[in-house]
Amino acid sequence: MTSMEVIIGIDLGSTTTKAVVLDIEGNVIGRGITNSRSNYDVAAQIVREEAFVRTRFTLVERNLQAAGGVIGSLERNLKLEQHLELLARLRQAMSMLAGGPKHRGHAGELAARLGVLGDEMERRARSQFAPGATRRSDFFRDLAGGDFMHIAEGLADKAIPFDVLCSVFDAAILGVECLPIERAFERHINTALQSTLSEEPLGIAAELRKAVDAARATELVELSTVGTGYGRARLPFPKEQIRSEILCHGLGAHAMFPDTRTVLDIGGQDTKAIQVDSDGIVTSFQMNDRCAAGCGRYLGYIADEMNLGLHELGPLAMESHTRVKINSTCTVFAGAELRERLSLGQKREDILAGLHRAIILRAMSLLARSGGINDQFTFTGGVARNPAAVQALRDLVRENYGQRSINTSADSIYTGALGAALFARRAAERKAA
Amino acid sequence: MSELLTAGMDVGSSSVKTVIVANGTPLVMRTDRIRRRDLRKVIEESYDAALAGADLERKDIAYLATTGEGELVEFRRGHFYGMTTHARGAIFLMPEARAALDIGALHARAMKMDERSKVLSYRMTSQCASGSGQFLENVARYLGITLEDIGPLSCTASAPEGVSSICAVLAETDVINMVSRGIKTNDILKGIHLSMAGRYLKLLRSIGAEGTVAITGGLSADVGLAQAMRERIEIEKLDMNVLTDPRAIYAGAIGAALWGAFRHDVLSRRNVA
Amino acid sequence: MSTVRKEDSMLLQKEMISDHYDRLARAHDDGKKVVYTFVPGNLNELVRSFDLLPVLPEINALQSGMRKLSGDYIAEAEKHGHSEDVCTYVKCDIGMLKKGNIGPTGKRLPKPDLLLLSYTGCFTFMKWFELLREEYGDDVPVAMLHVPYQANGRIEPHQRQYVVRQLETEVIPRLEEVSGRKFDPDRLREMLRLSSRAEDDLVWTLESAKHKPSPIDAYFGGVYYIGPMFSAFRGTQEAVDYYATLRAEVQERLDAGAGPITPEGPMKNEKYRLVVEGPPNWTSFREFWKMFYDEDAVVVASTYTKVGGLYDRGFRHDPDHALETLADYCLGCYTNLGLPTRVELIERYIREYSADGFLIHSVKSCNSFSVGQLMMLRQLEERTGVPGAFIESDLVDPRYFSAANVKNRIESYLQMLDQKRGAAA
Amino acid sequence: MTHSLESVLAHARSLADDIELAEVRRWKEKAPGRRAVGHMPTYVPRELIHAAGMLPVGIVGGGDRLEIIRGDAYFQSYICRIPRSTIELALSGKLDALDGMLFPAICDVIRNLSGMWSMIFPERYVHYVDLPQNFDSAVGGAFWRHELETLRRDFEALAGVTITDEALRASIAVYNENRRAIRDLYAARGRQPWIYPFSETWQLLRAGNVLPPEEHTALLRSYLEVAPTDKERRDRDHSRVVLVGMFCEQPPYGLLLTLERAGCYVVDDDLLIGLRWLKDDVPLQGHPLDNLVEGYLNHSVMSASRYAPEGHRGSSLVESVDRLEAEGVIFCAASFCDPALLDQPMLVAALDRKGIPHTEFKYSEDTGQFAVIREQAGTFSDSIRLWATE
Ligand SMILES: Nc1ncnc2c1ncn2[C@@H]1O[C@H](COP(=O)(O)OP(=O)(O)O)[C@@H](O)[C@H]1O
Ligand SMILES: Nc1ncnc2c1ncn2[C@@H]1O[C@H](COP(=O)(O)OP(=O)(O)O)[C@@H](O)[C@H]1O
Ligand code: SF4
Ligand code: SF4
Ligand code: SF4
């Protein structure tokens with residue numbers, strides 16, 4: 001059995017937990033992400049496992065001369081298997097709950113409905129992971145939750161009201177989320193390979209199988225791990241393996257865009273403005289937390305309010321031509337203001353555009369406080385995935401600071417984890433020396 | 001003498017409450033949740049449904065008074081502000097009350113009044129929705145329980161868990177953390193209730209409230225909150241006792257209808273004179 | 001040995017304070033009169049020369065903070081209509097008054113016979129004593145001393161003259177009325193002489209931090225060292241003795257190459273040398289301090305230790321020009337300096353004390369300190385190339401001290417200094 | 001020439017909103033070498049600026065339309081809004097028309113802002129106007145006289161002229177006229193608040209920040225003349241209130257409308273108090289500087305930012321309530337405004353002693369949501385109205 005030494009950085013964010021795996025040369029070979037809404041240990045375990053799955057795919061890729069699109073479909077099929085495994089657990093948990101004392105009056109009927117629901121969820125899952133299909137979210141909770149609610153609405157009636165179904169789901173999902181899936185690649189890759197090969201016959205099937213086997217058999221040896229982020233204090237790591245998220249974001253942004261001098265990170269519950277020097281060393285920073293106004297959660301709240309997915313928010317706001325000025329500073333009041341404005345007949349996209357600008361305006365203050373916006377400027381964190389937020393930022397930067405190169409990346413949500421991994425690599429080097 | 005019929009409508013941020021009062025006694029009381037519907041429509045429907053419930057028509061009502069966001073009601077006769085009406089409603093329902101605490105979806109309002117419901121001093125929360133009804137609603141959603149369950153569950157708590165974040169939005173993360181740490185639902189709710197109670201007591205103290213305090217508005221239905229307030233009053237050794245009434249969620253609308261009757265009298269006397 | 005000696009000065013100070021509060025508690029029975037006044041711009045020698053006893057509400061407020069009573073006091077004041085937004089010292093003081101005016105040693109404080117309102121460096125002082133006057137009733141006289149602002153970075157002759165004229169026409173006559181004694185310039189001169197001796201030793205102590213390792217913490221330890229000088233003891237023999245004892249102790253640590261004393265014993269390895277601007281947080285003072293010494297960070301200079309008098313730029317009370325020297329003292333207190341002067345002062349501290357970094361602790365209460373601190377941060381970083389950190393909390397309002405946040409910031413900052421050092425090496 | 005009410009109001013509105021000082025630039029362009037000197041709220045001796053041929057310009061922050069980008073880099077969240085929006089305006093070049101800036105001693109915020117200004121704009125004229133808190137003419141008077149002489153020399157240098165006593169007397173006369181017009185406006189509104197609504201008088205007053213005093217006086221006079229011509233303006237079932245606490249940071253216009261809609265007639269206020277700091281005409285005979293000193297020491301308004309001797313805090317408020325037959329007082333202070341908020345408990349005590357009802361809330365210049373204020377003011381006005389018969 002071969003083994004491979006890896007270095008890991010974990011960013012325990014308030015909303016999502018991210019992991020980055022580096023090889024000994026410092027190349028990124030795996031990333032993982034999960035929602036943080038569970039026990040921090042478990043989140044860290046899950047995300048590490050996720051990143052390892054991805055790492056093994058990288059190994060497959062490396063073992064294979066011409067992989068083409070096959071890795072993508074292999075990954076998708078593996079995700080499906082993971083999803084189905086979780087779904088099975090969810091169904092089990094729900095049927096346990098349905099048999100509990102709370103539902104004594106309608107246990108049989110409830111179980112029947114849940115059975116129908118489960119079958120339909122499974123069917124939908126398969127189609128969501130079919131070739132070419134798109135998914136609303138990367139997380140089981142969101143996908144399963146969305147499907148469940150949608151199906152339950154149709155199934156609910158007087159006998160089994162919607163609220164009852166929802167309460168069963170809400171209770172069940174919490175338990176399911178707290179259990180890690182171990183060795184997912186090892187256990188599911190064969191099935192996934194089977195599915196992939198059945199989707200389209202491949203000329204390189206034998207080679208692929210060999211590469212997969214090799215990847216599966218490789219032992220991943222953790223040389224060094226560093227944790228960071230909001231929940232870092234709760235990681236079961238010794239102190240020297242924990243770094244402030246500020247430093248990690250600074251270093252991570254520097255690694256992704258070496259000319260970065262200013263970093264803005266907008267996460268779920270905090271916003272950070274960081275200045276770094278030419279070595280990625282933080283020279284000053286400002287941070288906002290404890291209030292959801294102006295953070296990613298603000299957008300999440302608004303999305304819920306409008307019954308939209310997070311990723312739909314930005315594109316809709318981009319359709320606006322006449323932006324509305326939003327007055328509320330509090331997220332909840334912004335929700336109320338939104339309703340009020342909608343009832344006055346203002347357009348959704350215009351209000352949304354105003355909301356995005358409001359968030360970015362808050363970030364601009366923080367940036368100003370941290371020392372302004374210097375060239376180059378890197379925007380990271382989950383909100384950087386939102387095109388309207390990026391647009392609002394570009395506008396405001398241009399209006400107030402003039403020309404600046406603004407970097408964003410699809411992987412920007414991993415910036416903190418990448419920084420942590422780089423710190424881990426330094427520690428490993430020091431240990432070796 | 002024929003009946004004097006007046007109506008009160010309390011247009012809130014989460015629901016519309018309509019009450020019809022005949023000679024000082026409520027005949028019909030109803031709540032309509034707004035739930036992303038067109039507010040004007042909800043208002044009209046609620047009013048007409050309330051009238052239908054008493055076999056009445058709009059023309060039978062001598063005075064329709066609104067409160068809350070009642071400016072939206074074009075067919076009203078007069079408007080009274082929230083604290084005026086809640087004080088009146090509170091005194092009507094709980095005559096011994098000398099202060100009222102109206103807790104709605106977004107704000108809490110404290111008022112101190114005399115036995116004739118004259119408002120002596122008052123204050124409301126602003127700028128931050130922490131500790132409001134919306135906050136509890138969010139928590140309930142993430143705990144997977146219904147609003148009606150909150151109060152009774154909270155009352156069964158044995159080891160309330162303190163909450164650190166009081167942001168109505170971020171509470172969710174806190175709550176989920178607690179759930180995953182194995183904290184029981186009732187203890188979580190109780191912890192939240194205690195922290196809310198602390199804020200409300202501070203609000204009440206800031207206006208110099210003493211004696212009987214009536215809780216009105218949506219959260220008056222939450223027995224856990226009242227319980228938590230009693231406990232904190234005990235601990236802080238305050239000279240207050242808390243009362244609720246099943247009809248207290250309508251206090252604003254009742255108050256408006258009663259003030260409407262008063263104004264009607266004043267105005268008709270003026271006409272006579 | 002050194003720890004035993006260290007306790008000498010601590011014990012001495014404790015004793016002085018408790019004696020003082022005893023005397024205050026008995027004052028009216030003993031036929032003594034008391035004057036309430038403020039730390040910055042306090043005219044302790046003048047007050048004492050009339051045999052009057054000073055009460056310093058700011059000290060009471062910070063003591064209430066350290067004894068974790070301030071939260072209740074503030075709530076009490078807010079209940080009586082004092083705004084959430086204003087200085088918490090004021091509210092803490094008024095809350096304490098409303099709850100019986102029990103001082104830090106558990107003894108009741110006497111009612112003021114005079115409110116000596118020295119309006120130095122802070123506008124809130126004026127309102128504070130107007131509010132106290134409201135509490136005590138108009139029969140408590142107020143002596144108003146308006147100290148103009150050093151906007152131009154120097155004391156102008158007409159400013160000095162304005163203060164001296166007020167001393168002559170407003171302050172001294174009121175003190176004479178209240179005490180029933182005539183002003184005695186010789187007695188005042190004698191006290192000023194004692195002041196300047198103690199001032200020499202205080203400055204020596206504070207400047208000992210220029211050594212590496214520093215034998216003192218000039219902020220967390222510093223607030224104790226300035227105690228007698230800034231409160232009721234300037235101009236007394238007791239203060240002279242205290243500072244001589246303190247100096248001897250510090251000298252000993254210096255000779256031994258020892259670091260400062262912390263609540264958990266002497267600090268061993270000085271890793272970071274910091275300059276701090278802004279007053280400390282009192283409600284979590286120990287916790288706050290611990291965040292520093294746990295990381296081996298020592299504060300080598302601070303501006304807070306200059307609020308009750310700026311001595312390390314040469315000023316000493318001058319017995320030969322009694323009223324002028326009091327005027328100069330008032331005009332020269334730290335928060336009465338223009339912002340550019342404050343920036344220059346900190347810049348000098350960073351250089352002269354070879355600091356690795358500087359930290360601004362910005363408190364919500366105090367506009368006099370806080371307004372402009374963000375700009376000071378930028379200016380100082382630019383001028384010195386030393387990175388700064390910015391932390392926000394409050395003086396005595398426990399609601400505004402978020403330990404987790406402050407710790408996160410301090411940790412991040414120190415890690416940043418470390419990283420920077422690593423890169424330079 | 002008579003103007004319609006509409007055109008007077010439109011003119012006033014555009015001037016009140018003129019945070020970018022377009023009017024000042026226009027004035028400067030009319031003749032070469034013209035200069036303008038800005039000042040923060042409350043009192044500065046505008047007469048001296050005027051006598052040097054310069055334009056005094058009142059700066060009151062950025063209101064609710066200015067987006068704050070850089071301003072927050074200078075001020076923590078717990079500091080009022082006016083300094084940050086003023087810095088924002090300055091940094092974005094919107095105050096470039098000003099050749100100098102005065103910071104009167106109103107509070108520690110403005111005091112420290114003066115130092116910040118001198119660091120940000122080292123090349124511009126900046127002066128901290130240290131108003132005396134001692135009102136003895138031999139002590140505080142002498143100090144103030146010295147300050148005025150310094151200002152006189154400074155302005156002479158800045159404008160490149162000599163300020164003769166004659167010129168100064170003429171300027172005092174101009175400002176006497178202006179203050180008289182403002183007093184007339186307040187008196188008229190006190191009598192008939194429905195004819196001169198608060199939301200309008202505020203805009204008229206604000207126009208005085210950027211207009212030359214002669215033009216401002218004329219504008220006020222035409223308003224006083226034409227406002228009664230609007231026959232729509234009728235007395236309504238509103239309560240008469242006095243507003244306190246808005247002497248520095250200005251409330252957003254929406255707040256004024258909210259108060260009116262909630263049923264309040266504002267019969268007195270302390271908005272832009274600096275324009276009428278001196279309550280009486282300053283005599284023209286005698287030495288003009290001595291007269292200004294005397295005006296400041298003995299004929300100025302009571303305000304939170306000046307020391308009130310024993311028994312004086314609150315008396316002028318009570319006097320104004322009595323004189324105007326107001327039914328209540330609304331404390332409406334800017335958030336984090338120390339002077340106003342520290343003053344409040346004393347004023348409240350003075351009102352309580354007289355049984356005058358009062359309520360309070362806070363705002364900031366960029367407050368955008370008025371729901372809470374509407375409810376508070378509405379409840380206040382309700383309670384006055386419903387219990388008026390008592
Ligand atoms: N696909 C997406 N489209 C738009 N916004 C997103 C998307 N994914 C995440 N976000 C935003 O990012 C936020 C989470 O950011 P993240 O950096 O993961 O937070 P943290 O590090 O605090 O956990 C969410 O609240 C959401 O607003
Ligand atoms: N039984 C209950 N337990 C707890 N909260 C409740 C209950 N019933 C209603 N509420 C809360 O009351 C709020 C609505 O109060 P209401 O006074 O009607 O508000 P508004 O007038 O602002 O619409 C909602 O936020 C809801 O969460
Ligand atoms: S409730 Fe609103 S203002 Fe309050 S902390 Fe949360 S988002 Fe911020
Ligand atoms: S504002 Fe600052 S200087 Fe003034 S009293 Fe408060 S703490 Fe002291
Ligand atoms: S609003 Fe108040 S605190 Fe702010 S600058 Fe003006 S007077 Fe000072």
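Chain identifiers are assigned alphabetically (A, B, ...) following the order of the sequence lines, protein sequences preceding nucleic acid strands; residue numbering begins at 1 within each chain. Just so it is clear, the structure is predicted and the values come from calculations on it, not from any experiment.
- Proximity of a side-chain donor or acceptor of Arg339(A) to a complementary backbone N or O of Leu39(B) within less than 3.5 Å is not detected.
- More than 12 heavy atoms of other residues, nucleotides or ligands lie within 6.0 Å of CD in Glu312(A), so this atom counts as buried by the packing criterion.
- Under a cut-off of 6.0 angstrom, the local environment of NZ in Lys41(B) is sparse, with at most 12 non-hydrogen atoms contributed by other residues, nucleotides or ligands.
- Taken to the nearest 0.5 Å, the OG atom of Ser132(B) stands 7.0 Å off from the CZ atom of Phe333(A).
- The environment of Met96(A) atom CE is sparse: at most 12 non-hydrogen atoms of other residues, nucleotides or ligands sit within 6.0 angstrom.
- Here the closest non-hydrogen pair linking Cys330(A) and Ala129(B) is SG-N, 3.7 Å.
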